[in-house]
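For reference, the structure is listed below as structure tokens.
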Amino acid sequence: AIAAFEQFLDRHPNDAEFTPDAIFRLAELYFEKYDDEYQLATKEYKDQMKQWQDAGSKGEPPAEPQKKFDKTVALYQRLIRDYPDYRLIDGAYYLLGYTLRAQGQTEEGLATWMQLVQRFPKSRFYAEVWFRIGDQNFDDEKWSDSIAAFLHVVPLKDSDFYDKGLYKLAWTYYLVNRFDEGVQRFFELLDYSYAHKDKETGEHGSVLEEESVQYVAISFGDDGWKRPEWTKLLKGKSVDDPDAEVEVDYVGFAKDYFQKASARDGGKAKPYERDVMARLGQNLFKQSKHVQAVAALERAIELDPLNRDAPKLQDMIVQSWVRERQFDKANAARDILVKTYAENTPWGKKWANDSDARKAAEDFARTNLYSAALYYHQQASQYYNDNKPELAINYFRAASDAYKTYLDKYPHDKNAYELGYYLAETYYYSLRVDDAVAQYEKTRDSPAGTKYRAESALNAVYAYEKIIENKVNNGKRE
């Protein structure tokens, strides 16, 4: 085919009707030829490199092949020079720029593309070329040039590059700490994605939806975003003092931002607020900002209480309060986790046919109860050994509550026998000796094991003695 087109151009070098098409097609054929040769050379290079390495890497390594499209470039340049009014001339500019960049002449390729967008603003390549110019500037960290290029893409909402341009523009704004502009553009992308979501399958309207949610959440939690009205001065002269210690209300700001965005949209709630708040909560949790993490996670659950991942978020709330050592709140959150996502709850019924979701919720509840009980028990023992009786009693009580809940819910757990003994112990040391007697006797008489039989029998006697002692003491006071 190449030979045939070469012969045609030799016979008709300047035919206004047919020569431009021949040049255009011949350039494509040469590109395909060069690319095939490059792929073959690359394969040979890899084989030679392996042989060179197997031989101990001695001597000079084999030379890596380079992409070269000399005749393709020359043909496109001829077409642009000699036939500027050719019907596919914008395509020639596009392919020339593409080919130059492919062989490593990035600046020359971008310059060719700039000529394209300046000369042919109605070209079908217009949005793509501006996007690729912006993308190259992004890779080169030329942020202003990158933003300028992407701003040519985002007005073109019917383009295949609309969502990609929005995403890259928003990301660039984020990288240069222009957070408000960045989040606004991410919101535009998310609005677009949700508006184009498949109603039957629920598939995203844009493949960049999840990443956009992620960056909105990251932006809300970034200390580089100056929000003085949402910043509390903890230590220092002012919130603007670089050495000051401040606390930013990330979640309050995020909620307010969504509220204002909704107001601008006629009061219509943003359907992605739940996902953003969930991600913000997870980010804050990882940063050990637990109290604010709870606020974000609770907001996410409030917005969609039956969401498939709600148990995961509730579990994170429990862990947040545990890490903050606010155990009453942790226990309350744990009760919600256990009761709200069980089999016959609204959540359980919605996901009744999703075995993975139900198992995950059950595992969260089970693991949470088990870990909490052991944690409280360990802390109680530590306080007891440190001669801190009030703290020890409180923690023994929290441990016994957790053990009791766990054993009631999972009576056939493989560790039930051992946990039963722990329950008796924590009853005793939390001064609930009546309950301790009953549990010691249950463990003593259990057919599930003998490990704690003797200790349970003896401790039951001690518990009885404690009951008698308490009654005697109460009688004396009376």
*With no hydrogens and no angle check, is any side-chain donor or acceptor of S371 less than 3.5 Å from a backbone partner on N368?*
no
*Considering residues at least two apart in sequence or located in another chain, which fulfil the ring pair (Phe, Tyr, Trp, His ring centres under 6.0 Å) criterion with Y194?*
Y272
*Does G348 offer a backbone N or O that forms a donor-acceptor pair with the side chain of T345 under 3.5 Å?*
yes
*Will you find, in the side chains of D435 and Q439, an N or O donor that is under 3.5 Å from an N or O acceptor?*
no
*Could you list the residues that satisfy side-chain hydrogen bond (donor to acceptor under 3.5 Å, both in side chains) with Y429, not counting sequence neighbours?*
none
_Note, V246 side chain near L234 side chain (heavy atom, < 4.5 Å)_ = no
*Give, for atom CD of Q105 and atom NZ of K67, the distance between the pair rounded to the nearest 0.5 Å.*
13.5 Å
*Please walk me through it: do F150 and W130 pass side chain to side chain contact (heavy atoms under 4.5 Å, CB included)?*
CA-CA 7 Å; F150 292 135; W130 269 124; over 6 Å; no
*Please list, chain by chain and in numerical order, all residues satisfying side-chain hydrogen bond (donor to acceptor under 3.5 Å, both in side chains) with D180, sequence neighbours excluded.*
Q184, Y257
*Pairs flagged by ring-ring contact (aromatic ring centres under 6.0 Å, His included) wherever residues 291-314 is involved - sequence neighbours left out*: none
*Does the side chain of Y250 pick up a donor-acceptor pair with the side chain of K289 at under 3.5 Å?*
yes
*So, does S400 use its side chain to make a donor-acceptor pair with the main chain of R397 at under 3.5 Å?*
yes
*Would you check if H290 and L284 make a side-chain contact, meaning some heavy-atom pair closer than 4.5 Å?*
no
*Would Y94 and E128 count as a side-chain hydrogen bond (donor to acceptor under 3.5 Å, both in side chains) if you check the C-alpha gap in whole Å, the side-chain angles of each, and the deciding distance to 0.1 Å?*
CA-CA 10 Å; Y94 173 80; E128 178 185 351; 2.5 Å; yes
*Can you tell me if E324 and Q326 form a side-chain donor-acceptor pair at under 3.5 Å?*
no
*Just checking, is any N or O donor in the side chain of Y464 or E441 under 3.5 Å from an acceptor N or O on the other one?*
yes
*Centroid-to-centroid, F138 to W171, below 6.0 Å?*
yes
*asked:* Less than 3.5 Å apart, any donor N or O on the side chain of R366 or Y406 sitting next to an acceptor on the other?
replied: yes
_Whether D256 side chain and G252 backbone form a donor-acceptor pair below 3.5 Å_ = no
*Where the side chain of D309 meets the backbone of K312, is there a donor-acceptor pair that is under 3.5 Å apart?*
no
_Pair Q136-R101, side-chain donor/acceptor within less than 3.5 Å_ = yes
*Using distance alone, with no hydrogens and no angle criterion, decide if N394 and E390 have a side-chain donor and acceptor under 3.5 Å apart.*
no
_Is any side-chain heavy atom of Y462 closer than 4.5 Å to one of N459?_
yes
*asked:* Just so I know, are the side chains of L208 and S193 near enough to count as touching, which here means a heavy-atom distance under 4.5 Å?
replied: no
*Please check if atom CD in Q259 has more than 12 non-hydrogen atoms from other residues, nucleotides or ligands closer than 6.0 Å.*
no
*Considering residues at least two apart in sequence or located in another chain, which fulfil the side-chain hydrogen bond (donor to acceptor under 3.5 Å, both in side chains) criterion with E302?*
R299
*Expected output: side-chain S320 to main-chain V294 donor-acceptor under 3.5 Å*: no
*Between S381 and H377, is there a donor-acceptor pair closer than 3.5 Å when you use the side chain of the first and the backbone of the second?*
yes
_Quick one: does any side-chain atom of W321 pair with a main-chain N or O of D328 as donor and acceptor, under 3.5 Å?_
no
_Taking salt bridge (charged side-chain N to carboxylate O under 4.0 Å, His left out) as the definition, give me every residue that meets it alongside D445, ordered by chain and number, with sequence neighbours left out._
none
*Taking side chain as C-beta onward, heavy atoms only, is I336 less than 4.5 Å from Q314?*
yes
*More than 12 non-hydrogen atoms from neighbouring residues, nucleotides or ligands closer than 6.0 Å to CZ on F253, yes or no?*
yes
*Are Y395 and Y383 close enough that their ring centers fall under 6.0 Å?*
yes
*Below 4.5 Å, heavy atoms only, C-beta onward: do L369 and Y403 meet side chain to side chain?*
no
_CD1-CE distance between I301 and M316, expressed to the nearest 0.5 angstrom_ = 10.0 Å
*Could you tell me which non-hydrogen atom of H196 sits nearest to which non-hydrogen atom of Y192, and how far apart they are?*
ND1-O, 2.8 Å
*Of the non-hydrogen atoms in D413 and N415, which two are nearest, and what is the gap between them?*
OD2-N, 2.7 Å
*Can we say D354 and R358 salt-bridge, meaning some charged N sits less than 4.0 Å from an Asp/Glu carboxylate O?*
no
*Taking all non-hydrogen atoms of both residues, which atom of P62 and which atom of Y45 are closest, and how far apart?*
O-CE1, 3.5 Å
*For E273 and K270, run salt bridge (charged side-chain N to carboxylate O under 4.0 Å, His left out): C-alpha distance rounded to whole Å, both residues' side-chain angles, the deciding distance at 0.1 Å, then the answer.*
CA-CA 6 Å; E273 181 179 355; K270 296 296 183 183; over 6 Å; no
*E181: what forms a side chain to side chain contact (heavy atoms under 4.5 Å, CB included) with it, not counting sequence neighbours?*
Y173, R178
*Going from CG on D222 to CG on N283, what distance comes out if it is rounded to the nearest 0.5 angstrom?*
10.5 Å
*Any salt bridge between D275 and R279, counting N to O under 4.0 Å?*
no
_Check this for me: does any side-chain nitrogen of one of D401 and R432 sit under 4.0 Å from a carboxylate oxygen of the other?_
yes
_Distance-minimising heavy-atom pair for S219 and R227_ = O-NH1, 4.2 Å
*Main-chain N/O of K58 paired with W52 side-chain donor or acceptor, under 3.5 Å*: yes
*Where A127 and L156 come nearest, the two heavy atoms and their spacing*: CB-CD1, 3.7 Å
*Can you name the side-chain hydrogen bond (donor to acceptor under 3.5 Å, both in side chains) partners of R124, sequence neighbours left out?*
none
*Just jot down the side chain to side chain contact (heavy atoms under 4.5 Å, CB included) partners of V207, sequence neighbours excluded, or say none.*
none
*Under a 4.5 Å cut-off applied to non-hydrogen side-chain atoms, are P305 and W347 in contact?*
no
*Do you know the tightest heavy-atom contact between D304 and R274?*
CB-CG, 3.8 Å
_Within-4.5 Å side-chain heavy-atom neighbours: E247 and L233_ = no
_Could you work out, with side chain to side chain contact (heavy atoms under 4.5 Å, CB included) as the rule, every residue matching N177, not counting sequence neighbours?_
F179
*With T42, which residues qualify under side chain to side chain contact (heavy atoms under 4.5 Å, CB included), at least two apart?*
Y38, K46, P65
*Under 3.5 Å, side chain of Y417 to main-chain N/O of K451, donor-acceptor pair present?*
yes
Please output the side-chain donor-acceptor pairs of residues 160-167 that fall under 3.5 Å, not counting sequence neighbours, one pair per line with the distance.
unit_1 : atom_1 : unit_2 : atom_2 : d
D163   : OD2    : S206   : OG     : 2.7
K164   : NZ     : D160   : O      : 3.0
Y167   : OH     : E211   : OE1    : 2.8

